[in-house]
Colleague: 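Have a look at this one.
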There are 2 protein chains.
Amino acid sequence: MELAAAKLKFIETWGKLGSEWGINRTMAQVHALLLISHEALTTEEIMETLSISRGNANMNLRDLIGWGLVEKQHKAGERKEYFFADKDVWNIARQVAKERKKRELEPVLKVLAELSTVKGDEKDPDFKTFNKSVTDINKLANNVDKTLETMLKAEENWFWGSVLKVFK
Amino acid sequence: MELAAAKLKFIETWGKLGSEWGINRTMAQVHALLLISHEALTTEEIMETLSISRGNANMNLRDLIGWGLVEKQHKAGERKEYFFADKDVWNIARQVAKERKKRELEPVLKVLAELSTVKGDEKDPDFKTFNKSVTDINKLANNVDKTLETMLKAEENWFWGSVLKVFK
DNA sequence: TTAAACTTTCAAAAATTATTGAAAATATAT
DNA sequence: ATATATTTTCAATAATTTTTGAAAGTTTAA
């Protein structure tokens, strides 16, 4: 495959994966484009490459900055802004994990903790089932949360080196 | 909080979480409803409780069965079908991991493997960046894949017991 | 059989989410 | 200050996804 075709394929694949996981397809595509660009790009270049509008490019770039995946750069003597993506895949994974934990997991954890305290008739099979499911999900969610917490604190080479051994 | 209110809150929260992670909100709500029901429910009961149409209920129930999270049951002397959800949270987690791995991760792995083989000019910084990002993401995706594979084979009490120790 | 009970399908409608593009806002140079 | 370059906003529009509901299909009982 030619490099040009491969780049398009990568952008398309990354966008599709994003949309399957609840991330705006265009945001994932912009991220993909920046990931394979050795230099920072302008909004114009992104708009053109992905055939998207200025507003769309701007919004998704801001979101990517909000996710900690992209940063603005300025070039000396130039007025326009350039955008550059961190290429360290471990940083990216950590950043995504951190944000999703904060945005989506933690609010759920709060609700589950509250629902775990609901009292009811221990003889009522409906209460018992509710209680067991909520309690178990709460435990699992807390495990996931703590595991992510540990991951966020972990060293980079922990991940690349020892995940598999650890699980065997 | 009253049990009835708690049930609604659970269904709502589960639905929201699902939609944030690319899973149809109604499907997640049907699953939530079945998770907290001690007995199997009919399509009618699900339609009524969640205020959804017959077609919608039917489709999402079929999808849940396709995800391996719900099964049909028949009661002696009754003609209609009943639906029942596995309440074992570890099974649920495994099942979801298994399906998403198959549906979403594996196709991406294939593309990444292909893109990793693209040849180019080692002097071209654009090629170098493409190659590094794709190669690194490919490695990470393979690590995730193998980790999930291990998780799928693992014993139930491995999860509940030792995840945290393992990560420390 | 045939009719009633029940399930599935799917085109159309509704709801949701994403995108556009032009106007407003902001920043910079002269 | 004023003009120019650039970024941001956001109401309107478009695209996508979900839901509806009635018709078609299937199963079972008599």
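Computed from heavy atoms alone, side chains included, the values below leave out hydrogens, waters and symmetry copies.
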Colleague: Nearest whole angstrom, please: distance from the C1' of C:dA18 to the CG of A:Asp63.
Modeller: 12 Å
Colleague: Return the nearest nucleotide to the side chain of B:Arg79; candidates are C:dT7, C:dC10, C:dA4.
Modeller: C:dA4
Colleague: Going by heavy atoms closer than 4.0 Å, what residues in residues 25-43 of chain A are next to DNA chain C?
Modeller: A:Thr26
Colleague: Hey, which sits more toward the 5' end of DNA chain D by its nearest nucleotide, A:Glu81 or B:Ile23?
Modeller: A:Glu81
Colleague: Under 4.0 Å: is that the gap between some side-chain N or O of B:Arg62 and OP1 or OP2 of C:dT7?
Modeller: no
Colleague: Can you measure B:Asn60 atom CG to C:dT8 atom P for me and round it to whole angstrom units?
Modeller: 13 Å
Colleague: Using whole Å, what does the distance between atom C1' of nucleotide C:dA15 and atom CD1 of B:Ile52 come to?
Modeller: 15 Å
Colleague: May I ask you to check whether over 12 heavy atoms, not counting those of A:Lys87, lie within 6.0 Å of atom NZ?
Modeller: yes
Colleague: Between B:Ser53 and A:Glu78, which is nearer to the 5' end of DNA chain D once each is assigned its nearest nucleotide?
Modeller: A:Glu78
Colleague: In whole angstrom, what separates A:Met47's CE from C:dT20's C1'?
Modeller: 10 Å
Colleague: Check the phosphate of C:dT19 against A:Asn24, side-chain N and O only, distance under 4.0 Å to OP1 or OP2. Yes or no?
Modeller: yes
Colleague: Do B:Phe83 and B:Leu64 have side-chain heavy atoms sitting under 4.5 Å apart?
Modeller: no
Colleague: Do B:Thr26 and B:Asn60 pair up side chain to side chain, a donor and an acceptor below 3.5 Å, judged on atom types alone?
Modeller: no
Colleague: Can we say B:Lys102 and B:Glu99 salt-bridge, meaning some charged N sits less than 4.0 Å from an Asp/Glu carboxylate O?
Modeller: yes
Colleague: Atom CD of A:Glu44 to atom C1' of C:dG21: distance rounded to whole Å?
Modeller: 14 Å
Colleague: What range of DNA chain D does chain B touch, first nucleotide to last, counting atoms under 4.0 Å from its heavy atoms?
Modeller: D:dT18 to D:dT28
Colleague: Which whole-number value in Å describes the distance from A:Asn58 CG to C:dT19 C1'?
Modeller: 13 Å
Colleague: Checking B:Lys7 against A:Phe130: charged group under 6.0 Å from the ring centre and within 45 degrees of the axis?
Modeller: no
Colleague: Once you round it to whole Å, what is the distance between C1' of C:dT26 and NE2 of A:His74?
Modeller: 13 Å
Colleague: Check whether B:Glu48 reaches the backbone of B:Glu45 with its side chain - one donor and one acceptor, N or O, closer than 3.5 Å.
Modeller: no
Colleague: Please tabulate, for the side chains in residues 27-41 of chain B, all donor-acceptor contacts under 3.5 angstrom to protein atoms that are two or more places apart in sequence or on a different chain.
Modeller:
| from | atom 1 | to | atom 2 | distance (Å) |
| --- | --- | --- | --- | --- |
| B:Ser37 | OG | B:Leu33 | O | 2.6 |
| B:His38 | ND1 | A:Asp126 | OD1 | 2.8 |

Colleague: Looking at side-chain heavy atoms only, is the closest gap between B:Glu81 and B:Gln73 below 4.5 Å?
Modeller: no
Colleague: Examine B:Lys123 relative to B:Phe127 and say whether NZ or CZ is less than 6.0 Å from the centre of the six-membered ring and inside a 45° cone about the ring axis.
Modeller: no
